[in-house]
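Below: one structure, written as structure tokens.
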Amino acid sequence: MNNEEELYEVDKLTLLDCKKIKLSLEKSGFLTLEYEGRSYSRVNPTRLIPFYSKTTYISLSYENEEGEFREVGIIKDMAELDKEQYKLLDDYLEYKYYMPEITRVYNIRDNMRGSIFVKADTTSGEKTICVRDWYQNFRMLTSDYLYVNDADGNKYFCKDIHGLDRKSRAVLELFT
């Protein structure tokens, strides 16, 4: 084993020191990370608890020369980053995890072939959302929070279905 080889322990949790993190945006749109004298390109930030926390427990990983993903470590709380680093990471995560919110549901049609079509208003405008295997992709994560994954891989949510208008709640009742 030469000095250049990395030792990677799968079962080790590495919390990163936010004061030592230096992220920069590449022209390609990927992030580069400088941490403790090492440089990591094409860093992939991942929210470990995406539905419940947007700014805590953020994993930073990269792809090594063998095409394997390796975790550099975890940011326990982005609030510990300086303002510029926080904004850079937050903007990247908001783009990566972009999910329009469902604000009204007009109707849901079942094509009897395993897909449903949800006509709804979202924070990105009116949409007809095609959901295949609705049992897996049209789910209540809590008693209030609806998560929808459409046939194209787009994700939508409604943080409080009980806060929707009465007609929307009535339409959703059959499928939630």
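Atom CD of Glu34 is separated from atom OG of Ser24 by 6.5 Å, given to the nearest 0.5 angstrom. One distance of note links OG1 of Thr142 with NZ of Lys159; it measures 12.5 Å at 0.5 Å rounding. The line from CZ of Phe117 to OG1 of Thr128 is 9.0 Å long, rounded to the nearest 0.5 Å. Atom OG1 of Thr56 is separated from atom NZ of Lys76 by 9.5 Å, given to the nearest 0.5 angstrom.
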Is there a side chain to side chain donor-acceptor pair (under 3.5 Å) between Lys127 and Asn154? Walk through the geometry before answering. CA-CA 12 Å; Lys127 305 277 184 194; Asn154 301 307; over 6 Å; no

Pair Cys130-Asp150, side chain to side chain contact (heavy atoms under 4.5 Å, CB included): steps then yes or no: CA-CA 5 Å; Cys130 175; Asp150 79 5; 5.6 Å; no

Could you walk me through whether Val72 and Val43 satisfy the side chain to side chain contact (heavy atoms under 4.5 Å, CB included) test, starting with their C-alpha distance in whole Å, then the side-chain angles of each, then the deciding distance to 0.1 Å, before giving a yes or no? CA-CA 9 Å; Val72 178; Val43 171; 5.8 Å; no

Kindly determine whether Glu80 and Asp77 satisfy side chain to side chain contact (heavy atoms under 4.5 Å, CB included), including the steps that lead there. CA-CA 6 Å; Glu80 296 174 13; Asp77 190 347; 4.2 Å; yes

Assess whether side chain to side chain contact (heavy atoms under 4.5 Å, CB included) is satisfied between Thr103 and Thr122, documenting all intermediate values. CA-CA 5 Å; Thr103 56; Thr122 73; 5.6 Å; no

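Outside the 6.0 Å centre-distance limit, the rings of Tyr35 and Tyr40 are not counted as a close aromatic pair. The aromatic ring centres of Phe157 and Tyr145 sit less than 6.0 Å apart.
Across Glu101 and Cys158, no two heavy atoms sit closer than the pair CG-CA, 4.4 Å. Of all non-hydrogen atoms in Pro45 and Lys96, the two that sit nearest each other are O-NZ, 2.6 Å. The heavy-atom pair separating Tyr86 from Met78 by the smallest distance is CD1-O, 3.1 Å. The two atoms that bring Ser59 and Ile74 nearest to each other are CA-CG1, 4.2 Å, heavy atoms only. Nearest heavy atom pair, residue Arg38 against residue Tyr62, reads NH2-OH, 4.4 Å. Annotation for Leu93 and Thr46: closest pair CD2-N, 4.5 Å, computed over non-hydrogen atoms.
Hydrophobic clustering keeps Tyr95 apart from Leu31 (ILVMFWY residues linked when any side-chain heavy atoms are closer than 4.5 Å, directly or through intermediates).
Put simply, the side chain of Asp90 does not reach to within 4.5 Å of the side chain of Lys87, judged on heavy atoms. A 4.5 Å side-chain heavy-atom check between Tyr92 and Leu23 finds every atom pair outside the cut-off. Looking only at side-chain heavy atoms (C-beta outward), Leu89 and Ile75 come within less than 4.5 Å of each other. For the pair Thr32/Ser39, a side-chain contact is recorded, criterion being any heavy-atom separation below 4.5 Å from C-beta on. Counting heavy atoms from C-beta outward, Ile58 and Leu48 have side chains that stay 4.5 Å or more apart. Side-chain contact between Pro50 and Tyr97: present, with at least one pair of heavy atoms (C-beta onward) separated by less than 4.5 Å. At least one side-chain heavy atom of Leu25 sits less than 4.5 Å from a side-chain heavy atom of Leu88.
Between the His162 side chain and the Arg169 main chain, no donor and acceptor come within less than 3.5 Å of each other.
Sorted by first and then second residue, the salt bridge (charged side-chain N to carboxylate O under 4.0 Å, His left out) pairs with a member in residues 17-27 read Lys20-Glu36; sequence neighbours excluded.
The cationic group of Arg42 lies under 6.0 Å from the six-membered ring centre of Phe30 and within 45° of the ring axis, placing it in a cation-pi geometry.
At a threshold of 4.0 Å, the pair Asp165-Arg104 counts as salt-bridged, since one of the basic side-chain nitrogens sits closer than that to a carboxylate oxygen. Between Lys54 and Glu94 there is a salt bridge, since at least one side-chain N of the basic residue sits less than 4.0 Å from a carboxylate O of the acidic one.
By the 4.5 Å side-chain criterion applied to Ile, Leu, Val, Met, Phe, Trp and Tyr, Tyr98 is assigned to no cluster and stands alone. Listed by chain and number, the hydrophobic cluster partners of Ile129 are Ile102, Val105, Ile108, Ile116, Val118, Val131, Trp134, Phe138, Met140, Leu146, Val148, Tyr156, Ile161, Leu164, Val171, Leu172, Leu174, Phe175, where partners are ILVMFWY side chains within reach of under 4.5 Å, directly or through others.
Within a 6.0 Å radius of CD in Gln136, more than 12 heavy atoms belonging to other residues, nucleotides or ligands are found. Counted within 6.0 Å of CZ on Arg47, heavy atoms from surrounding residues, nucleotides or ligands total more than 12; the atom is thus considered enclosed. Environment of CD in Glu126: crowded, with over 12 heavy atoms of neighbouring residues, nucleotides or ligands closer than 6.0 Å. In this structure, Tyr57 places its OH atom where only 12 or fewer heavy-atom neighbours from other residues, nucleotides or ligands lie under 6.0 Å away.
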